[in-house]
*Asks:* 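Sending over a structure as structure tokens; questions will come in a sec.
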Amino acid sequence: MKSGGSFQRMIKFSEIHYSRPDTALLVEKINSLTENFKSAKSFDEALNIFDNLEKIQDNVETMYSTAYTRHMIDTKDEFYDGEMRYLDEKLPLLQEAMQTFSLAFFDSPFRNDFEKSYGSLIFKKIEISLKTFSPEIITELQEENKLVTDYSKLIASAQIDFDGEKRTLSQLSPYKLSADDEVREAAWNAEGQFYADNADKLDNLYDDLVKLRDTQAKKMGYENYIPLGYNKMSRESYDKNDVELFRKSVRDHLVPVADRLYRAQAKRLGVSYPLTFADAALSFRTGNPKPQGTSDDILAHAKKFYHELSPETAEFIDALYDGEYFDVLSKKGKAGGGYCTFLPDCRMPFIFANFNNTSHDVDVMTHEAGHAFAFYMSRDFYPSVYRQPTNESCEVHSMSMEFLAWDWAEGFFGKDTNKYKYHHISAALTFIPYGTMVDHFQHIVYENPEMTPAMRHEEWKKLLAIYMPWMKLGEITFYGEGKGWQRQSHIYQRPFYYIDYCLAQTVALQCWADMQSSRDKAWEKYLHFVKNAGKLTFSELVVDAGFELPFGDVFGGSLVKTVTDWIDNFEKSVELK
Ligand SMILES: [Zn+2]
């Protein structure tokens, strides 16, 4: 494997020298390299050009991630604010030039040589991506981007009077989990009221998005948006029929188990079944599990965890901490949210988050750091397209790491450790029916683009009865009228993304099940999965690591039994309140 990083030694994030990519010059360079590639006389010549383009892309990505992250850390910094405006405007021009190169690469007379050196998946990936774009749909794509931004702005604009202050929806979130029934219910009501107040806007935005996406698909010769949406998600190894099988298995085997868990929860809380949305959010009368100690304690314990887990994770966490490739504490001027990104020239990932003194802070150090670990393991992969697999596989990296941290949970959660374990495994199971419903809903919507907003709400109600029978629609108008799906931003912003989390959770649960017999064995399988990075498709990664594919009757076998047996025993042996 070649590696072409321009930074030779490990530098700290703060030491990265940012210089603005000159896009006009780069477009010229890419175009001329593309011309040379087309007339290359030998594989060596073609490979050399390909390598040049890899280096250009790596550098642009490094500069972009550096500017973006520095901007997110301090949104008041005028320099990086300006750089982001420049990059957002100019980078699409580079993408266009790279697309032209991709076409030339796809048709290269040296394709066999490239396949021999780097496998055929690189061509499959290009083939799929070429099927997602045509100049004919540029207007619709621009309009789609605008509507997606409008949705984000509308959600971010929320200023809800609550607990003596105006709060955003994310600032309201902790109240929605409060152990105090009155506070929790009030928070759910306040949130529901915001959505009810904006009902028409939310309906119209989605209606326009569905119609635009349907038009794009039809202009490109697709029957409807579903296959185009799958291609946009780069689905390389499964289709709509496979997802249907997964859905059936969820309904047949997982919904009854989740229902049992919610009945137990209602009993534990002393509330009626079916549950209100506010009651379903609270797992224990004494409150949901909270981490112990300060932010520094969590960071220190995370280091201990990765040091003790394996030599690979020990090396990773030292590199991350020594190079200061993370910024996780909340501070003034810092943007909200969290993500993990990669800086190719530094061969390092970066974790951005906002600690808020809930179990979220531990998730950052297990889930997001799981993503970061995978980036770290594939940092030298070549070509760059193999550094990262598709989304479901990336979520296997992170969701399994959450489970692998169980033996260290005590150091994170102290007296709440039992509550944490029970909550974590239950939430993993009960999430899958919800996530599958979100995906099923979108299939119905895009198969019937002519549906009215009112018809879509009716469909959501029907699905709720099938996938979440433990839930009652309740008195909050927003939920009562079947509009609860409008809270799920992916439905507006990233069609068909949601099933990725469900498929990943299914594999992560297998990792958890492996851990019950041997953590070493579970770790080996996990590492095997991670080490292949993007060199295989999702289905190949799963099989190659020795997991079961989620496309048969995956919940009809021993997996669900292993989990439910564990839960039964735990309920009997531990006092949960
Ligand atoms: Zn993730």
Side-chain angles (χ1 to χ4, degrees), residues 65 68-69 72 152 170 173 232-235 291 298 302 305-306 309 313 316-317 320 325-328 335-343 348-356 358-379 387-406 412 420 423-425 427-432 434-436 438-439 487-491 493-512 526-527 529-534 538 541-542 545 547 550:
S65 295
Y68 180 71
T69 297
M72 294 290 280
S152 309
S170 61
S173 295
K232 282 181 168 248
M233 292 302 302
S234 305
R235 304 260 151 91
I298 291 177
F305 156 51
Y306 286 110
L309 180 63
T313 46
F316 151 73
I317 202 72
L320 195 82
Y325 282 88
F326 64 102
D327 193 299
V328 297
Y339 60 85
C340 174
T341 186
F342 184 66
L343 300 137
M348 281 302 290
F350 189 97
I351 299 174
F352 177 93
N354 281 281
F355 274 16
N356 64 4
T358 70
S359 60
H360 156 269
D361 304 354
V362 177
D363 296 343
V364 169
M365 297 319 294
T366 56
H367 183 105
E368 292 305 327
H371 286 306
F373 173 63
F375 271 127
Y376 185 78
M377 291 303 287
S378 63
R379 64 197 183 282
R387 274 187 216 135
Q388 227 193 322
T390 40
N391 290 307
E392 352 62 353
S393 313
C394 292
E395 292 306 323
V396 173
H397 301 156
S398 53
M399 288 172 155
S400 306
M401 190 64 98
E402 292 177 34
F403 286 130
L404 287 161
W406 265 36
F412 287 123
Y420 169 72
H423 179 72
H424 187 195
I425 192 75
L429 279 186
T430 57
F431 166 75
I432 297 174
Y434 169 73
T436 306
V438 167
D439 186 67
R487 276 183 59 228
Q488 194 58 62
S489 63
H490 299 68
I491 295 179
Q493 297 174 325
R494 296 292 304 271
F496 299 110
Y497 191 128
Y498 223 63
I499 200 70
D500 290 49
Y501 296 113
C502 305
L503 299 174
Q505 190 68 276
T506 306
V507 178
L509 280 169
Q510 296 178 50
C511 175
W512 177 89
Y526 172 82
L527 189 61
F529 189 102
V530 168
K531 273 187 168 170
N532 275 319
F538 170 65
L541 286 169
V542 169
F547 293 114

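Ligands are counted one by one from 1 in listed order, and the atoms in each one are counted from 1 as well.
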*Asks:* Do you know which N/O/S atom name in His367 is closest to the Zn ion (ligand 1)?
*Replies:*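 Sorting the N, O and S atoms of His367 by distance to the Zn ion (ligand 1) puts NE2 first.
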*Asks:* List the atom of Val530, the atom of Phe373, and the distance in Å for their closest heavy-atom pair.
*Replies:* CG1-CE2, 4.2 Å
*Asks:* Can you tell me how far the CG atom of Asn354 sits from the CZ atom of Phe352, to the nearest 0.5 Å?
*Replies:*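 If I round to the nearest 0.5 Å, the distance is 5.0 Å.
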*Asks:* For the residue pair Tyr497 and His490, categorise the inter-ring angle as parallel (less than 30°), tilted (30 to 60°) or perpendicular (more than 60°).
*Replies:* perpendicular
*Asks:* State whether Cys394 contributes an N/O/S atom found under 2.8 Å from the Zn ion (ligand 1).
*Replies:* no
*Asks:* Please state the angle at the Zn ion (ligand 1) spanned by OE2 of Glu395 and NE2 of His371: what is it, rounded to 10 degrees?
*Replies:* 90°
*Asks:* State whether the side chain of Ser378 and the backbone N or O of Arg387 hold a donor-acceptor pair below 3.5 Å, judged by distance alone.
*Replies:*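 Flag set: sc Ser378 to bb Arg387 pair under 3.5 Å.
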